[in-house]
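Throughout, protein chains are lettered first and strands after them, A, B, ... in sequence-line order, and every chain is numbered starting at 1.
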There are 2 protein chains.
Amino acid sequence: MSEHPIEFRRHSAAHVMAAAIKHLFPEAKFGVGPVIENGFYYDIDIGRPVTPEDLKTIEKEMRKIVNQNPAFTREELPIDDAIKLFRELDQPYKLELLNDLKTKGTTKVSTEEAQDIDPQNVGSVTLYRTGDFVDLCRGPHVTEAKEIGAWKLGKIAGAYWRGKETNPQMQRIYGLCFETEKELDEYQAMLVEAEKRDHRKLGQELDLFFIDDKIGKGLAMWLPKGVAVRDQVEKLAVEMEAKYGYERVITPHIAKEELYLTSGHLPYYKDSMYPPMVMDDGTYYMKSMNCPHHHMMYLHKPHSYRELPIRLAEYGTVYRNELSGTLAGLLRVRAMAMNDAHIYCRKDQIKEEFKKVMEMTLRYFEIFQLKNYWFRLSKWSPAHPEKYIQEPEHWEYTQGVLRDVLQEMDVEFREADDEAAFYGPKIDVQFKSAIGREESMSTIQLDFLAKQRFGLAYTDESGQKNEEVFVIHRAPLSTHERFMAFLIEHYAGAFPLWLAPVQIAVLPVADRHIEFARVLADELRALGLRVSVDDSSESVGKKIRAAEKQKFPRMLVVGDREADGGALTVRVHGEKDQQETSKEKFFEETLASIKSRQA
Amino acid sequence: MSEHPIEFRRHSAAHVMAAAIKHLFPEAKFGVGPVIENGFYYDIDIGRPVTPEDLKTIEKEMRKIVNQNPAFTREELPIDDAIKLFRELDQPYKLELLNDLKTKGTTKVSTEEAQDIDPQNVGSVTLYRTGDFVDLCRGPHVTEAKEIGAWKLGKIAGAYWRGKETNPQMQRIYGLCFETEKELDEYQAMLVEAEKRDHRKLGQELDLFFIDDKIGKGLAMWLPKGVAVRDQVEKLAVEMEAKYGYERVITPHIAKEELYLTSGHLPYYKDSMYPPMVMDDGTYYMKSMNCPHHHMMYLHKPHSYRELPIRLAEYGTVYRNELSGTLAGLLRVRAMAMNDAHIYCRKDQIKEEFKKVMEMTLRYFEIFQLKNYWFRLSKWSPAHPEKYIQEPEHWEYTQGVLRDVLQEMDVEFREADDEAAFYGPKIDVQFKSAIGREESMSTIQLDFLAKQRFGLAYTDESGQKNEEVFVIHRAPLSTHERFMAFLIEHYAGAFPLWLAPVQIAVLPVADRHIEFARVLADELRALGLRVSVDDSSESVGKKIRAAEKQKFPRMLVVGDREADGGALTVRVHGEKDQQETSKEKFFEETLASIKSRQA
């Protein structure tokens with residue numbers, strides 16, 4: 001097989017699909033058919049919607065064409081001859097493009113369509129022929145159809161001609177195309193997995209959250225089961241932060257514009273903030289970050305060198321004015337609860353504090369069973385002075401400190417020049433998600449701008465005022481929203497016992513066992529466990545299937561023997577066998593698993 | 001002693017004070033001197049500020065006058081004669097009032113001043129003489145000075161003549177006046193107690209919270225120690241609500257105007273809400289209550305009769321646009337975290353649900369050691385149909401149900417006609433605070449409007465849609481802000497062990513005991529206790545006094561004997577004696593006290 005670039009293969013597949021459609025629907029009108037990520041599409045008009053049945057027939061016809069292995073041949077034609085040809089072929093959309101090209105010198109339909117017609121060459125146009133099919137096309141293509149590689153048709157969608165709602169609606173048929181069958185299979189498996197793990201789908205099925213247009217786009221409404229998971233994440237953070245000497249504060253969701261003028265968020269960041277609210281005593285903004293509030297906490301009292309570092313933590317909800325069209329599920333929202341903290345330290349404490357934050361971050365990864373991650377040290381660039389705060393000594397010193405930390409902790413890391421924040425270097429954590437997507441989750445940033453803007457200072461050993469208070473911004477668990485989306489995908493909704501919204505489902509075999517099931521559930525609840533009882537009139541088989549679908553980590557099937565004081569019958573989510581376990585042992589194992597936060 | 005009304009006594013005391021001032025400062029000019037709650041004041045001008053020393057001298061002179069026991073005698077004088085008299089006395093402020101009276105027929109200075117001059121009687125005015133002092137005055141007074149009763153001078157404040165900043169500034173001297181010495185003493189004791197317990201003062205001293213103008217008025221910034229107390233209150237609520245079958249939800253702090261148009265908060269409640277924020281997809285408001293969000297939670301899925309009651313709880317922060325001038329400490333704020341919940345129930349469940357909420361409320365009172373409370377059942381009035389939702393049957397039925405609940409629970413209650421909310425009857429809890437102030441803390445409200453506005457429904461036993469979902473709004477712990485202010489005052493800052501921000505202070509006797517103190521503190525922290533170590537270089541006596549001032553419930557004094565493994569030396573806040581207790585016993589007693597939430 002020749003070494004054709006993947007784009008040639010994908011575009012050739014689009015032509016083969018068009019040829020097949022032309023065979024099956026001789027009256028079909030064609031719009032544009034560009035290459036996209038992972039494949040191609042073609043917009044067509046057959047006078048009615050395309051059905052999944054049609055798709056099968058088209059795919060079959062395509063296989064037939066590929067087996068005949070026609071060549072892709074290029075022709076150059078004066079534009080008027082091309083207009084004549086497509087008029088004869090009765091292709092009004094192609095004609096419209098050609099006429100635009102002739103009269104306006106452009107055929108702008110969308111960015112994708114650029115590859116169909118070369119706007120640089122308006123005297124003549126190129127055509128490609130594949131067997132009996134001819135298309136207006138810039139090319140290039142593979143030489144013959146068998147060189148296309150591995151392909152498969154995908155979904156069907158409606159699409160207005162040239163993207164305008166007032167134009168006729170066409171049918172867009174998508175196809176996947178890769179060089180090898182193996183790549184195609186892997187991509188399809190990934191799609192299946194991604195769909196299974198989609199946090200919006202699972203969020204709905206497992207009753208974790210919803211988003212309602214009447215409340216507002218990008219604003220999650222957390223249902224009781226979602227709150228249960230959030231609470232566990234928050235509890236973990238509170239415990240961990242207590243261990244590391246953080247103090248918890250709570251600040252309002254709004255502040256006066258004066259605060260944001262001091263911090264510099266106004267005017268520079270104004271577009272990302274919610275619109276101002278003018279009150280009788282000034283102008284207020286919803287906060288889009290917690291740091292300015294925390295800096296005011298620091299300033300509330302004078303501090304001595306002995307008090308530093310001061311670590312202020314808050315699960316604060318911040319609000320960002322994202323464009324409504326960009327919002328999607330929990331991954332792109334307007335309200336986010338952040339596991340935020342700011343560490344105020346002396347210059348000589350930066351290394352130790354960064355190290356502690358790194359340690360905490362690694363401990364979180366261990367608890368959540370994350371493995372494919374690495375770190376990125378983002379540095380400034382002295383060549384772009386306008387992009388960075390001008391404290392060259394601090395940049396060099398602190399970048400060295402951060403590098404030392406990464407080396408001493410023996411973690412995988414890469415350095416990136418000219419990628420720092422305006423106010424200081426940072427360490428980002430990158431990792432590969434369960435479906436192979438690379439993501440940036442948490443970030444640890446050093447800030448040497450805040451001390452200037454807010455006048456953060458302390459009294460040193462000799463009683464002098466020292467104005468070098470360095471601030472570390474850190475959010476190892478990202479936002480509740482983003483982290484929840486990530487966790488749903490990571491666990492495919494099957495949360496480990498300690499995190500699960502319902503930890504144990506008690507399933508009575510018959511109605512006469514409901515009373516015992518309730519007593520048992522109350523006993524478990526008294527131990528602090530989250531328990532549900534299925535008191536519906538369904539068969540126990542159906543109850544088990546329902547509990548499996550809800551991905552409850554443990555099920556207790558309760559029948560005559562159990563009600564009579566026998567051992568418990570325990571099922572573990574995803575496992576076929578059930579086990580008999582004494583009540584004491586089950587209680588003990590369950591509590592131990594939760595305490596250790598193991599799967 | 002004659003039966004003079006208290007107002008006569010207070011106004012007579014004001015005249016005696018003016019007479020004394022005239023003796024001591026013959027050039028003094030007098031403004032107005034009305035009766036106020038608990039006493040009186042007089043605005044005077046002696047050409048310089050009045051000092052606390054002056055106050056003592058004035059009080060001494062007043063006692064002298066009272067001992068001489070002059071009579072209060074009334075005279076009526078044509079207005080022109082009065083003008084002549086006060087010109088001779090060189091009293092420009094009185095002259096201004098008389099001239100106003102003569103030319104405009106009014107002497108409006110402020111509402112209080114009305115009693116000095118009778119605007120009905122402009123042809124002549126009345127004067128009162130007390131010994132050698134004469135004042136323009138409507139009266140009446142006591143007959144002679146000894147009848148005044150018990151009085152004492154209070155504070156001094158600046159006050160502009162007629163309340164206008166462009167007028168000369170006068171000195172306002174306040175006095176207290178009661179019929180008996182006992183009443184005066186009690187009132188003074190209450191003032192001392194109120195000042196000691198003032199939540200703003202203690203909030204600052206105990207590092208619980210602060211309010212900063214740069215963040216905004218009425219917006220509490222919760223310091224770590226305040227958060228510790230809040231967390232304990234919240235933890236209690238979460239536990240209690242779990243026990244009573246509540247489910248926790250979390251909703252955003254904003255919503256689209258469509259939601260508030262549905263709920264009816266817009267346009268009726270608009271002035272109390274924060275100003276609108278116009279975004280690319282509509283207009284948003286900060287929420288001033290959680291109910292509309294919770295109703296949307298209810299509507300998220302259809303419900304069957306078996307699922308009701310559904311109890312949705314949230315510690316949600318709401319924002320109200322109060323005028324900046326009315327904001328004060330935590331009692332009048334713009335942001336408040338509410339222990340809010342909404343119960344969605346069938347008509348036949350109202351009684352049971354109200355009873356459960358009442359039970360919970362009483363249990364809270366027990367935990368927080370509140371005793372002087374009673375309930376008020378606020379009912380509608382059929383005579384004012386415009387004030388109430390027109391469902392007469394529901395009013396009569398539900399008021400009866402609420403009365404039954406109050407009677408069955410055998411609590412003290414009063415009924416109040418025409419005091420209900422627009423949407424249903426309610427039960428308010430009233431009580432007397434630690435300083436004798438009557439307060440309304442929590443409220444339980446029934447709502448039969450929400451079902452109409454939001455279309456709240458369920459499917460009944462026969463599969464029919466039933467649109468009679470009754471909503472109960474309840475917030476037994478009020479808002480975090482109001483409740484914290486109340487608790488600070490209630491405990492005078494000395495929180496019980498389970499609530500205290502720092503539960504145990506470890507106080508090393510000398511520097512060599514610091515290490516042991518830290519180990520001991522870590523041991524206590526591992527048990528979940530909130531502990532501080534005083535590692536300053538102060539003497540142990542000073543450390544104890546500092547810990548007492550911070551009102552830490554327990555202190556452990558750690559010296560050689562303790563460090564060598566001997567018994568612990570325990571001090572309890574407010575008690576003089578210290579006790580020796582074995583470590584095990586101390587740990588056990590401490591944890592038991594916390595678990596039971598006893599003082």
Worksheet item: Considering only heavy atoms, which portion of B:Arg306 lies under 4.5 Å from any heavy atom of chain A: side chain, backbone, both, or neither?
Response: side chain
Worksheet item: Considering residues, nucleotides and ligands other than A:Glu523, do more than 12 of their heavy atoms fall under 6.0 Å from its CD?
Response: yes
Worksheet item: Where on A:Asp522 is there a heavy atom nearer than 4.5 Å to chain B: the side chain, the backbone, both, or neither?
Response: neither
Worksheet item: What distance do B:Met286 atom CE and A:Tyr319 atom OH have between them, rounded to the nearest 0.5 Å?
Response: 7.0 Å
Worksheet, complete the sentence: Of A:Ala255, A:Ala220, A:Pro224, the largest count of non-hydrogen pairs under 4.5 angstrom with chain B goes to A:Pro224
Worksheet item: Would you call the rings of B:His300 and A:Phe210 parallel, tilted or perpendicular, where under 30° means parallel and over 60° means perpendicular?
Response: parallel
Discussion item. Between B:Asp213 and A:Lys256, does any side-chain N to carboxylate O distance fall below 4.0 Å?
Written reply: no
Practice prompt. Give a yes or no answer on whether the side chain of A:Tyr274 reaches the backbone of B:Met279 with a donor-acceptor pair at less than 3.5 Å.
Written response: no
Item to complete: Could you have a look at A:Glu258, A:His253, A:Met221, A:Arg248 and say which one has the most heavy-atom pairs with chain B under 4.5 angstrom?
Response: A:His253
Worksheet item: Take atom CD in A:Glu239; do more than 12 heavy atoms of anything else shown fall under 6.0 Å from it?
Response: yes
Worksheet entry | Inter-residue atom distance A:Asp281.CG - B:Leu327.CG, 0.5 Å rounding | 7.5 Å
Worksheet item: Just wondering, more than 12 heavy atoms not from A:Lys270 lying within 6.0 Å of its NZ?
Response: no
Item to complete: Output the option from A:Ile250, A:Val227, A:Leu223 having the highest count of non-hydrogen pairs under 4.5 Å with chain B.
Response: A:Ile250
Worksheet entry | Salt-bridge present (B:Asp207, A:Lys301; N to O < 4.0 Å) | yes
Discussion item. Is the shortest side-chain heavy-atom distance between A:Arg334 and B:Ile254 below 4.5 Å?
Written reply: no
Discussion item. Donor-acceptor check, side chain of A:Asp280 to backbone of B:Ser324, threshold 3.5 angstrom: yes or no?
Written reply: yes
Worksheet entry | Part of B:Val249 lying under 4.5 Å from any heavy atom of chain A | both
Worksheet, complete the sentence: In short, B:Tyr284 meets A:Ile215 closest at the heavy-atom pair CE2-O, 3.6 Å
Discussion item. Tell me whether the count of non-hydrogen atoms from other residues, nucleotides or ligands lying under 6.0 Å of NZ in B:Lys201 goes above 12.
Written reply: yes
Fill in: Separation of A:Asp212 CG from B:Leu259 CG (nearest 0.5 Å)
8.5 Å
